[in-house]
Novice: 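The structure that follows is given in the form of structure tokens.
Small disclaimer: the values here were computed from a predicted structure and weren't measured. Here is the naming used below: chain letters follow the sequence lines, and residue numbers restart at 1 for every chain.
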Amino acid sequence: MKSLHKVLLAAAMTLACGSAFAAEKLRIGTEGAYPPFNLIDASGKVVGFDLDIAHALCAKMEVECEVVTSDWDGIIPALNANKFDFIIASMSITDEREQAVDFTKPYYTNKLQFVAPKSSDFKTDKESLDGKVIGAQRATIAGTWLEENLGDVVEIKLYDTQENAYLDLASGRLDGVLADKFVQWEWLKSETGKDFEFKGEPVFDNDKIGIAVREGNDELRERLNAALDEIVADGTYKQINDKYFPFSIY
Amino acid sequence: MSWELLIKWLPDFLEGAWLTLQLVGVSVIAGLLFALPLGIARASRHPLVRALPYGYIFFFRGTPLLVQLFLVYYGLAQFEVIRQSFLWTYLRDPYWCAVITMTMHTAAYIAEILRGAIQSVPQGEVEAARALGMSRSQTLWHILLPRAARIGLPAYSNEVILMLKASALASTITLLELTGMARKVAARTYMYEEMFLVAGVIYLIIAFALMQGFKQLERWLRVDACQGR
Amino acid sequence: MIPDLHGFGAALLAGTWITIQLALASLALGLVLGLLGALAKTSPYPFFRWLGGTYSTIVRGVPELLWVLLIYFGTVNMVRVLGESLGIERLALSPFAAGTIALGLCFGAYATEVFRGALLAIPKGHREAGLALGLGKRRIFWRLILPQMWRIALPGLGNLFMILMKDTALVSVIGLEEVMRTSQIAVTASKEPFTFFLVAALIYLCLTIVAMTGMYFLERRAGRGFSRSAT
């Protein structure tokens, strides 16, 4: 029964450890299923554009940072529950979200654009989309945009992760996927994405991506803003940008 | 929670509940039909016939439904052959994937219930039927199965409730059944406690109604009277 | 026939370990809850009987997945307020803790019924014999009733544990990197869903076999002194 005690103890410790805090150690919340912005590699490390930016910001703020992953659905509740101090997970700044959290200045701008098979005659005007099956990730701006603008004509399928939506696009269950342009661009480069292409113009191009902090945490927000200005000014931002995209996304 | 919001989203919840009921209804009935041959084979006196369904039952009872669901929905799509075949007409639809997986899953459990029920029918009754000149299949259909059905009914009603709860997993393959709907609404409103509680209450109501229904059915079939062994 | 794991072998093993830890932690919590539930349900006080009955009815009527979601996402404010009142600044449930509570709660609700059945199966005479020997109520429970209950309840608890072990997969939905979540991560990298979900299935089958073997020996040990004809 000794091992049972240990397990109980471990469970109790896990409960308690959520409450441990150190002086200048910030915890970064991210998702880890949104390549190339944030993803988990085979060694279990979270990597990607968001993480590179986050680490650069931490270096400028001279704080130690630790990465915590959360699933997308619960990432805002988790921030408010103090599971981490800020979210850097390619999160769009929206009115709805701004009621729950505070955002920094945008650290990149996103566009939404459709992707569909090269062979398909896929047009992005409302009439041509009638009856099509479109996938998007649950609780994302693409999902909301679809519901608000095309909810009456297309069948919308919502996925727990972006990757699952691509699995279904590749298998032919979906006619198209609507998601952030950069995410789509990365997938189009991959082995499974080679038979697919962008369709039409971006349908939405005013999607500002920010870092979320708990409501009222102005101190951290200002420090992040200042650090962001610094990395843009000293070229660190451009370096990271070029590592991922052949075009500027700021 | 404000009643206004509840009323605003209630139609969505009811729509989700209706899909939940469909998934459960189809899978427990289809599962029962599929379980009949499995259960009969499992209760056979021949070791070889008995062994055949064992692997199937062992796999489906030994692995989580979530894994089975992902194997069917995302896994099968890995193979070009399947995507080219007529099967794809059904497998591309999450509804059918959920129904197929849930049916195969519950069939394994129902088969074991059936086996237990068949084996607890007193041997004397079977012998009596044979002595009266009934053939093997007549004995099976007129004596063994009706008796087993009454013995197994309480366990079957439990299985139906378990499948009601298991149907929540369909939300992971894009279906907007009750749990899927609650997750969608919660993600839009950020009201997680309230939306999940509403879904929980609806599940309780459905479970309660199902249990009452089975009680009536047991009374109608006089299950109690048949239990004297 | 060993499938190509694309370098995710070690991650899957680590996931398996998390799954085992989660199952055992939930088991420990569930056993306590189940025992308390059974005591409440057989208590002479109507209030406790009502409490025990309500607990097992409500928990058993709601999907396990919903409990996991509710406890992880739904208790955020409650836990924070609780933490603040205790003077802890950042109290929050980790996915592991939330999973343990949710699965322990569900296991406990079913275990309540198993323990209650076992409690009722112990002849009244045993308690009376204890009283006649001058044993206190507490000692009768710990030394006389509980060891006998254990033997009767064991097969039922074993079944519940098998179910619990498979239910741990649900905690992948809130991001705990157990077997299922690790497989999904591997699918993202490898684009081979069938391979990795099949590997996950095989891991669960192995765990089931180990648990079944363990149960066999536990039951044999608990059944010492009871010849087949006597039980």
Side-chain angles (χ1 to χ4, degrees), chain A residues 1 3-22 27 29 31-35 39-46 68-85 160-164 166-168 170-171 187 190-193 214, chain C residues 5-12 14-15 20-29 31-32 69 72-80 82-84 86-101 104 172-177 181-182 184-193:
Chain A
M1 285 291 103
S3 61
L4 210 60
H5 287 156
K6 268 190 201 154
V7 172
L8 259 183
L9 199 67
M13 299 259 287
T14 325
L15 275 169
C17 278
S19 66
F21 60 95
R27 290 159 308 159
E31 187 202 8
Y34 202 60
L39 64 151
I40 298 169
D41 66 10
S43 67
K45 231 181 117 200
V46 196
V68 181
T69 55
S70 160
D71 79 5
W72 183 251
D73 260 22
I75 204 161
I76 286 180
L79 174 73
N80 284 331
N82 257 314
K83 281 170 188 158
F84 29 79
D85 300 291
D160 284 334
T161 63
Q162 187 66 40
E163 283 304 320
N164 284 350
Y166 286 136
L167 281 177
D168 265 4
S171 68
W187 183 71
S190 76
E191 182 56 30
T192 37
R214 264 183 301 284
Chain C
L5 293 179
H6 297 269
F8 278 96
L12 283 167
I20 294 171
Q21 283 176 301
L22 178 65
L24 291 179
S26 316
L27 173 69
L29 177 65
L31 283 175
V32 173
L69 294 171
Y72 188 65
F73 296 131
T75 59
V76 161
N77 291 324
M78 218 169 74
V79 171
R80 191 175 45 195
L82 184 78
E84 273 161 15
L86 292 172
I88 306 168
E89 203 179 319
R90 286 175 170 174
L91 193 68
L93 290 178
S94 66
F96 187 92
T100 303
I101 294 173
S172 65
V173 174
I174 55 170
L176 182 70
E177 282 172 27
R181 174 81 173 167
T182 316
Q184 279 179 273
I185 292 169
V187 167
T188 301
S190 69
K191 318 282 178 208
E192 287 181 15

Novice: Side chain, backbone, both or neither: which part of A:Glu31 has a non-hydrogen atom closer than 4.5 Å to chain C?
Specialist: backbone
Novice: Is A:Ile40 in contact with chain C via its backbone, its side chain, both, or neither, using a 4.5 Å heavy-atom distance?
Specialist: both
Novice: Quick one: CD1 on C:Ile185 to CD on A:Glu163, what's the gap to the nearest 0.5 Å?
Specialist: 11.5 Å
Novice: Please look at A:Asn164 and chain C and tell me whether the side chain, the backbone, both or neither of the residue comes under 4.5 angstrom of a heavy atom of that chain.
Specialist: side chain
Novice: A:Lys83 side chain to C:Leu93 main-chain N or O, any donor-acceptor pair under 3.5 Å?
Specialist: yes
Novice: Select, from A:Asn80, A:Asp41, A:Asp160, the one with the greatest count of heavy-atom pairs under 4.5 Å involving chain C.
Specialist: A:Asn80
